[in-house]
Undergrad: 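Attaching a single structure in structure tokens format; questions to follow.
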2 protein chains.
Amino acid sequence: MVKVAKDNSTEEKILEAARKIFVHKGMTGARMQEIADAAGINKAMLHYYFRNKEMLFETIFSQAAQKLFPQLNIIFESDLPLFEKIENFVQAYMDVMIENPYLPMFVLTEMHQNPERFYKKMKGEMNFPKPDKFLAQIEKEVKRGTIKRISPLQLLMNIISGTIFPFIAKPMFQMHIGLDELQFRQFITQRKKEYAGFVIDAIRK
Amino acid sequence: MVKVAKDNSTEEKILEAARKIFVHKGMTGARMQEIADAAGINKAMLHYYFRNKEMLFETIFSQAAQKLFPQLNIIFESDLPLFEKIENFVQAYMDVMIENPYLPMFVLTEMHQNPERFYKKMKGEMNFPKPDKFLAQIEKEVKRGTIKRISPLQLLMNIISGTIFPFIAKPMFQMHIGLDELQFRQFITQRKKEYAGFVIDAIRK
DNA sequence: GTCTATAATTTGATAGAC
DNA sequence: GTCTATCAAATTATAGAC
């Protein structure tokens, strides 16, 4: 069991506050003053600990990306049979997002609004999962005739779409359908159980 | 055939430039100077035509939302049989996004970062589609035993996810897989043809 | 390490000539 | 309608006392 270092140190308070503000308003929408207020400290402290807004943001963004991307390795690098792998991925990834519902949108927003920074970041520190193995596995199953003929890339997109998109569309969906927080959680719980089955039904012969 | 009023009037040049900048950088990330430059005019002109940044943004955002949301009525209000309706929706919606690949992310970002403005907007001018009819249709088919047992809401989410998400994840996907622009277009073309079939295969008995 | 006060910069908005 | 020049406000960043 790893100690997660949730001290109430000033640095940790800043990170927590910055996460909250950045994740909701993005880099350009966030205000240093707002972050300081949320942390219950002074604006000057932010600079003392993180030099400037840019660096504070980078820290938060890296942490977010680290939570999301390496998880993709579950689907890409394990040795499970295809159906179990799909099952595993959907459940594991949804668990991450249940704990951090705003992360996907945060990372995607940054990726769109500032692709340069994003790419630079990714090249370095991230052990960026390559899906080749998983795609090859799908191709193999298609050739063996175990599953229906489908493009591996399309299947991968289907799996990821159905897993991530609900968290991105949450506000739209809640407004459209009129779900409250509890109902949305129930919707997600059900989805975690059933979505892999949906995909498998679609490709099973 | 309706005239689309693509004059080269100053107002139209501003709108075009503002669209480009806002859609990529969002409300808070966009700079009035940048928009003026892109329009080939002076910053003061922006205020002359649209009073302030807020109102210019509202104009752009409304146009974007109008392109995306009313389309959902195709799926919700037509009288087609279920499978054809799914087929129709996927193709029609993907056509909209092929023409405007950045719209979905733009609207979603605004929805997340400024939900108040978004909700206010939606209440007024938008003829906001209610999915009740479509959900009831699914429920009916399940009861008749025509399709597998599935929650109507889950099925709706599956259809929408697979249709919209590829455009949102485009940069991530291109980077991960290494697709260039042409390859991505081909991927989308294939998807437009096949995704409805995937969904139908999953629910067909 | 933490604070208050203040500087420096960015940026949205306006005044006024043409 | 369009421009240049300028203002005013917001916001990041720093200096310096404790």
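Every value quoted in this text rests on a predicted model; they were computed, and no experiment measured them.
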Undergrad: Below 3.5 Å between N/O atoms, which protein atoms pair up with nucleotides 4-7 of chain C? Just atom names and distances, please.
TA:
{"unit_1": "C:dT4", "atom_1": "OP2", "unit_2": "A:N42", "atom_2": "ND2", "d": "3.0"}

Undergrad: Check DNA chain C against residues 48-64 of chain A and give the residues with a non-hydrogen atom under 4.0 Å, in numerical order.
TA: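 Within this stretch, A:Y48, A:Y49 sit under 4.0 Å of the strand.
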
Undergrad: Which residues satisfy the ring pair (Phe, Tyr, Trp, His ring centres under 6.0 Å) test with A:F89, sequence neighbours excluded?
TA: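 Residues passing ring pair (Phe, Tyr, Trp, His ring centres under 6.0 Å) with A:F89: A:Y93.
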
Undergrad: Rounded to whole angstrom units, what separation is found between the NE2 atom of A:H47 and the P atom of C:dT2?
TA: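 Roughly 16 Å, once rounded to whole Å.
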
Undergrad: Side chain to side chain donor-acceptor pair (under 3.5 Å) with A:K133: which residues, sequence neighbours excluded?
TA: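 Testing A:K133 for side chain to side chain donor-acceptor pair (under 3.5 Å), a comparison that skips the adjacent residues, returns A:D79.
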
Undergrad: Kindly state which residues belonging to residues 25-40 of chain B come within less than 4.0 angstrom of DNA chain D, counting heavy atoms of the residue only, listed by number.
TA: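 Heavy-atom cutoff 4.0 Å gives no residues at all.
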
Undergrad: Residues in side chain to side chain donor-acceptor pair (under 3.5 Å) with A:T28, at least two apart?
TA: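 Scan of A:T28 (side chain to side chain donor-acceptor pair (under 3.5 Å), adjacent residues dropped) gives B:T28.
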
Undergrad: Could I get the full list of salt bridge (Lys or Arg N to Asp or Glu O under 4.0 Å) partners for B:E77, not counting sequence neighbours?
TA: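 With neighbours one apart ignored, the set is empty.
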
Undergrad: I'd like to check the salt bridge (Lys or Arg N to Asp or Glu O under 4.0 Å) partners of A:E110; sequence neighbours left out, ordered by chain and number.
TA: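 Salt bridge (Lys or Arg N to Asp or Glu O under 4.0 Å) check on A:E110 returns A:R117.
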
Undergrad: Of all the choices, D:dA13, D:dC3, C:dC3, which nucleotide is nearest to the side chain of A:M45 once you look at every atom?
TA: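 From the listed options, C:dC3 comes nearest.
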
Undergrad: Take a 6.0 Å sphere around NZ of A:K25 and say whether it holds more than 12 heavy atoms from other residues, nucleotides or ligands.
TA: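 Open.
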
Undergrad: Ring pair (Phe, Tyr, Trp, His ring centres under 6.0 Å) with B:F173: which residues, sequence neighbours excluded?
TA: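 B:F173 satisfies ring pair (Phe, Tyr, Trp, His ring centres under 6.0 Å) with B:F187 once adjacent residues are dropped.
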
Undergrad: Rounded to whole Å, please give me the gap between CG in A:L46 and C1' in D:dT11.
TA: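 Taking atom C1' of D:dT11 as the reference, CG of A:L46 is at 13 Å.
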
Undergrad: Does anything in residues 27-46 of chain B pair up under ring-ring contact (aromatic ring centres under 6.0 Å, His included), and if so which pairs, sequence neighbours excluded?
TA: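 Residue pairs passing ring-ring contact (aromatic ring centres under 6.0 Å, His included), neighbours aside: none found.
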
Undergrad: In chain order, what residues pass the side chain to side chain donor-acceptor pair (under 3.5 Å) check against A:N88, with sequence neighbours excluded?
TA: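 A:N88 satisfies side chain to side chain donor-acceptor pair (under 3.5 Å) with no residue once adjacent residues are dropped.
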
Undergrad: Just jot down the salt bridge (Lys or Arg N to Asp or Glu O under 4.0 Å) partners of A:E181, sequence neighbours excluded, or say none.
TA: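 A:E181 satisfies salt bridge (Lys or Arg N to Asp or Glu O under 4.0 Å) with A:K170 once adjacent residues are dropped.
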
Undergrad: Ignoring the backbone of A:T10, work out which of C:dT2, D:dT2, C:dC3 is nearest its side chain.
TA: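 The answer is C:dT2.
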
